[in-house]
2 protein chains.
Amino acid sequence: MTDETTAISDLPQPAPATVDEFRSRLAEVIDDLPRRLRQCAEYIATNTDRIAVSTVAELAAGADVPPSALMRFCQILGFTGFSEMQRLFREAYSPGWPDYSTRLKNLKDQGAGSPAALLAEFIEAGRLSLEALAKSADEVALTQAVALLAGAQTVHVVGLRRAFPVATYLVYVFEKMAVSAMLHDSVGRLDHRFALRPGDAVIAITFAPYSEETIALAQDAKARGLPVVALTDTLTSPIVRYSDAVVTVPEVDFGAFRSLSATIAMAISLAVAVGSARG
Amino acid sequence: MTDETTAISDLPQPAPATVDEFRSRLAEVIDDLPRRLRQCAEYIATNTDRIAVSTVAELAAGADVPPSALMRFCQILGFTGFSEMQRLFREAYSPGWPDYSTRLKNLKDQGAGSPAALLAEFIEAGRLSLEALAKSADEVALTQAVALLAGAQTVHVVGLRRAFPVATYLVYVFEKMAVSAMLHDSVGRLDHRFALRPGDAVIAITFAPYSEETIALAQDAKARGLPVVALTDTLTSPIVRYSDAVVTVPEVDFGAFRSLSATIAMAISLAVAVGSARG
DNA sequence: GCGGATTTAGAATATTTATTCCATTTCAAC
DNA sequence: GTTGAAATGGAATAAATATTCTAAATCCGC
């Protein structure tokens, strides 16, 4: 009858009311959970999205625990049981976009190859790219890149072919932010590399198949001791070895073409951050 | 005992195996369905995404029919029952937020003005733009624009300042699709308008504040009787009066800068559609 | 290695949810 | 209007699913 044994799990904690609350509660408790319950927590943490559409038995099987363990897990989190937890996820699903996905399907139904169907595909590719970027963005690399560029006199921007639109937008934003920037566009096959001066920095944008001129410029700058920032697709890109900071962007493409959404989002962020870092 | 009354619904049709198959089956049957079943079909058609996370009773209530009607509906589509139909959607289910929204919040929490927070904002702006585009896209205008451009000898692309990246990407895609295209970039203040020849077409890209040169080129082309396609922000844009087809794109911006995601998605779609309409 | 507390597994039960069935209604052709 | 066929609603039943309970296993401080 004493209260002395009252442990955390006995306290009537209120159930999480949002997915965010759910996640933080999960993070709180996960470390001091016994073996089976921790297994539940870990499985749930990486498969949160399946809660809405699975049964206790299925999730338990996935986590490799008996169903009853999963029940206890739900209760520890503050729910009366699995059903209550599941309700949270079923209701939270599809909040912001009431008819977005339906509409996309309608567009696609116009027939494969129709302009509307293509548009739907590119919209989807763009959205996936942005979401992937949100998940994978490396703040540290980004901050580092901003620091390098913010310290430069003039920022030299190079990016050709499919990366060229990004380069031009970057220059546009730099200009608006009063950052001195120069676009290396190889118009007229003129080589502007003499313009690289001590105190400057380079941002080079390239994706597979990597464009030689871009890499060459980065290499040149590096040789002269200028800081080089790379905006590319993977850490194995050939430009990486000539760069002092590497920002990678996962881009989903449809057919042969990149959506560029994620790349541009990253580029603007860089430019604006550099602009405001300078004041 | 005769087979003479055998109707469509009696034939043992195989159940749809994919969501796409499901949608086309639905479209096939929806027109010759009795009242209650049509109610089901219509509700399901606009709420396809809730199938995975709802019970028969919930969906039936939403469609305003008794549960048994919904059961018959499932069977007409070829499923043995609701559960089988739901399984299809549960397996295909993948919400947009495995941890997307949480992650965005984390980025923003790095502190207002930090590179990561900026990135989060631009990602969000891009995503909203794409979703808005999905909802507002006008297939008819798009198809019309494609037709005009597909009929042209050479496509002249013009877009300056913030629209310039879009113009360059458009030209890149046209090239890859073997469509003869020319970029009017006003490099060196050279005026290329003499290049407009009978049989050509123009695509002009401009957003508020509208760039004069772009509008001037459109006007010029129009005066010579060439078809002009406008890619712009609203139907009240000054370019509209010089255009034969107008494609509008809603773009959300953060701070002073457009995300361009929606605009680029639209531009690629146009270019690819034109390319395949030709070849 | 012993004793008390905690954790666990799985069987038993309760609840929810899907499915079937049939009496009644609606519809359309004659 | 009458008749037969199709459609409907709701109650009855079957199946799946969640939840609880308890005996056995495990863990931990001594």
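Chain naming here is simple, since letters A, B, ... match the order of the sequence lines and numbering starts at 1 in each. Fair warning: this is a prediction, and the values are worked out from it, not measured in the lab.
In this structure, B/Leu70 places its CG atom 13 Å from P of C/dT20, rounding to the nearest Å. One atom, CG of B/Asp32, and another, P of D/dA6, lie 14 Å apart when rounded to the nearest Å. Whole-Å rounding puts the A/Leu33 CG to D/dC27 P distance at 15 Å. Between the CZ atom of A/Arg36 and the P atom of D/dA25 there is a distance of 15 Å, rounded to whole Å. For the pair B/Phe79 CZ and C/dT20 P, the interatomic distance rounds to 15 Å; values are reported in whole Å. In this structure, B/Arg90 places its CZ atom 14 Å from P of D/dA16, rounding to the nearest Å. Going from atom CE of B/Met71 over to atom C1' of C/dA18 covers 6 Å, rounded to whole Å. Atom CZ of A/Arg72 and atom P of C/dT8 are 5 Å apart (whole Å).
Regarding contacts with the backbone of D/dT20, a side-chain N or O of A/Gln75 is found under 4.0 angstrom from either OP1 or OP2. Using a 4.0 Å cut-off, no side-chain N or O of A/Ser83 falls inside it from OP1 or OP2 of D/dT17.
At most 12 heavy atoms of other shown residues, nucleotides or ligands fall within 6.0 angstrom of atom CZ in A/Arg241.
Counting distance only, with no hydrogens placed and no angle test, the side-chain atoms of A/Ser68 and the base atoms of C/dA9 include a donor-acceptor pair under 3.5 Å.
When B/Val247, B/Thr248, B/Val166 are each tested for a side chain to side chain contact (heavy atoms under 4.5 Å, CB included) with B/Met266, only one passes: B/Val247.
Side chain of A/Gln75 to main chain of A/Gly81: no donor-acceptor pair is present (N/O by atom type, distance under 3.5 Å, no hydrogens or angles).
The residue among A/Phe82 and A/Arg35 whose nearest nucleotide of DNA chain D is located toward the 5' end is A/Phe82. Projected onto DNA chain C by closest heavy-atom contact, A/Pro67 and B/Glu84 fall at different nucleotides, the more 5' of which corresponds to A/Pro67.
Using a 4.5 Å heavy-atom cutoff, the side chains of B/Leu59 and B/Asn47 are not in contact.
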